[in-house]
Each structure stands twice: as C-alpha cells, then as structure tokens.
Amino acid sequence: MSLLINAVAPIAVFYGLRAAGVGQWPALMLGLVAPAVKAVHSVATKRRIDMLAGLVMTALLLSVALSFLTGSPRTLLARDGWITAVAGIWVLLTLPRTPYYLYALRTFTSGALREQINAAWRDTPAFRRVVHVGTMIWGFALLLDAASTVVLAYTMPIDSVPLIGALKLVAVIILAEVISQVYFRRKGVPHLRAEPADDNPGQDGR
C-alpha cells in the first residue's frame with residue numbers, strides 16, 4: 001500500500017493530468033497530494049512520526065519549497081532521488097547493530113528457519129559477514145538508484161522522467177534481490193543448522 005501511494009499514485013496522477021492538458025509543474029504538484037495525505041494520516045493515527053512518514057514529509061516539504069523558489073518542475077522530480085538516498089544511507093547505518101538484511105530475513109521467515117537464522121547470527125561470525133554483505137548490497141543499490149534519479153531529473157525530458165525513474169527503481173530492486181539471494185544461498189545457507197532428525201519414526205519404520 002505504501003508503495004502504491006508514494007510511488008505509483010504520483011505517476012498515475014501526473015500522466016493523467018498531462019493527458020488532460022495540465023502543465024508539467026501543476027501535474028507534478030498535484031501528484032504529491034496522495035503521499036502527503038498518507039504521511040499526515042500516519043502521523044495522526046500513530047501519534048508519532050515513524051521513519052517512512054518523516055522521510056516522505058521532509059522530502060515533500062523541501063522539494064515543494066525549492067520548487068516554488070526555483071519555479072522548476074525538475075526539483076520536484078529529483079525528490080525521489082533524495083528519498084532513495086536517505087533510505088540507502090539508513091540501510092548502511094544499520095550495519096553496526098542490527099543490519100537491515102538480518103531484519104529482512106527475520107521478517108520473511110518463521111518457525112524453525114527463523115530460529116536457525118537467529119542462532120547462526122549469534123554463534124557464527126561467517127554468517128554475520130554474509131548478513132553484513134547483504135545489507136551493503138541493498139544500501140549501495142539504493143544509493144546508485146538515487147544518484148541516477150537525480151541525474152535523470154535534470155537531464156531527461158520532464159515528461160519521460162517519472163516513468164523511466166519508476167522502471168529503473170524496479171530494475172534496481174530486482175537486481176539487488178537476485179544478487180543478495182544468490183549470495184546468501186551460496187554463502188549463508190551452509191551455515192544454517194539442519195533441522196534435527198525425527199527421533200520417533202512411525203511404527204512402520206518410515
């Protein structure tokens with residue numbers, strides 16, 4: 001839902017308004033309404049500013065303020081790059097304590113496999129190195145996407161940037177996922193303990 005509101009909705013609004021003859025700058029500004037409402041709603045319901053809401057609100061306010069000062073829609077387009085850059089920096093800053101990749105592994109696993117991951121993280125230095133490398137893969141992938149997004153915002157035709165940027169982000173995410181998964185399966189999985197054998201086989205010996 002967050003991805004739909006913060007990424008897909010602004011693109012859909014922009015191209016829909018452009019097709020209706022609205023100018024570039026107003027179309028980009030109106031495309032920010034959905035992320036802004038989502039961020040305000042998150043703060044109002046949770047009664048606190050979480051990382052995502054704070055990140056979106058800060059980027060929105062800065063980009064809108066700079067866009068009003070410069071009158072350039074390209075400043076609004078560069079907003080996504082700054083958001084992704086902050087996300088990449090945050091991922092890298094998790095390295096000293098609980099790396100982002102460990103958090104992801106815990107989130108998308110359960111039961112015995114999650115316990116194996118926790119045990120390997122606690123007891124196996126080689127597994128911890130794998131987790132750190134996986135975190136760095138994601139952090140640097142996001143920074144690479146951020147830098148390319150800012151370059152696109154100031155060099156490509158304005159009407160092309162939202163779609164190209166979205167496709168590029170999807171490609172970067174898929175690439176980071178494939179690389180991190182292949183690396184983890186080759187280097188990390190061998191350090192996970194095998195599940196214990198069944199000590200009480202059935203009466204038929206199977």
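- A distance of 9.0 Å separates CG in Leu144 from CG in Leu175, rounded to the nearest 0.5 Å.
- A donor-acceptor distance shorter than 3.5 angstrom exists from the side chain of Thr135 to the backbone of Tyr101, with no hydrogens or angles considered.
- Side-chain contact between Pro26 and Leu17 is absent, with no heavy-atom pair separated by less than 4.5 Å.
- In the displayed structure, Lys168 atom NZ is contacted under 6.0 Å by more than 12 heavy atoms of other residues, nucleotides or ligands.
- Between Leu192 and Phe127, the closest side-chain pair of non-hydrogen atoms falls below 4.5 Å.
- Side chain of Thr94 to backbone of Tyr100: a donor-acceptor contact under 3.5 angstrom is found.
- Within the model, atoms CD of Gln116 and NE2 of His191 stand 13.5 Å from one another, a figure rounded to the nearest 0.5 Å.
- Here Arg18 contributes atom CZ and Ile158 contributes atom CD1; the two are 8.5 Å apart, rounded to the nearest 0.5 Å.
- For Ala141 against Ala176, the heavy-atom pair with the smallest separation is CB-CB, 3.9 Å.
- Between Ile117 atom CD1 and Leu105 atom CG the span is 4.5 Å, to the nearest 0.5 Å.
- The aromatic rings of Trp121 and His132 are tilted relative to each other, their planes meeting at an angle between 30° and 60°.
- The minimum heavy-atom distance between Leu77 and Pro162, with the atom names listed, is CD2-CG, 3.9 Å.
- Atoms CG and CE, on Leu95 and Met136 in that order, are 6.0 Å from each other to the nearest 0.5 Å.
- The side-chain heavy atoms of Glu177 and Val182, taken from C-beta on, include no pair separated by under 4.5 Å.
- Residues Leu152 and Ile164 meet the side-chain proximity criterion, which asks for heavy atoms closer than 4.5 Å.
- Across all their heavy atoms, Val131 and Pro99 have their closest contact at CG1-CB, 3.8 Å.
- Contacts of Tyr154 classified as side-chain contact (heavy atoms from CB on, under 4.5 Å), with partners at least two apart in sequence or in another chain: Arg74, Thr75, Ala78, Val150.
- Residues Phe14 and Asp159 meet the side-chain proximity criterion, which asks for heavy atoms closer than 4.5 Å.
- In terms of hydrophobic clustering, with Ile, Leu, Val, Met, Phe, Trp and Tyr side chains grouped at heavy-atom distances under 4.5 Å, Phe140 and Tyr103 are assigned to different clusters.
- Considering Ile173, Val172, Val170 in turn, Val172 is the only one that fulfils the side chain to side chain contact (heavy atoms under 4.5 Å, CB included) rule with Asp145.
- Taken together through direct or relayed side-chain contacts under 4.5 Å among Ile, Leu, Val, Met, Phe, Trp and Tyr, Leu28 and Leu167 form part of one hydrophobic cluster.
- For Pro125, the side-chain contact (heavy atoms from CB on, under 4.5 Å) test picks out Arg128, Arg129, with sequence neighbours left out.
- Contact detail for Ala166 and Ile11: the closest heavy-atom pair is CB-CD1, 3.3 Å.
- Summarising the geometry, atom CD1 belonging to Ile89 is positioned 7.0 Å from atom CG belonging to Leu93; distances are rounded to the nearest 0.5 Å.
- Linking Ile, Leu, Val, Met, Phe, Trp and Tyr whenever their side-chain heavy atoms come within less than 4.5 Å puts Trp90 and Leu102 in one cluster.
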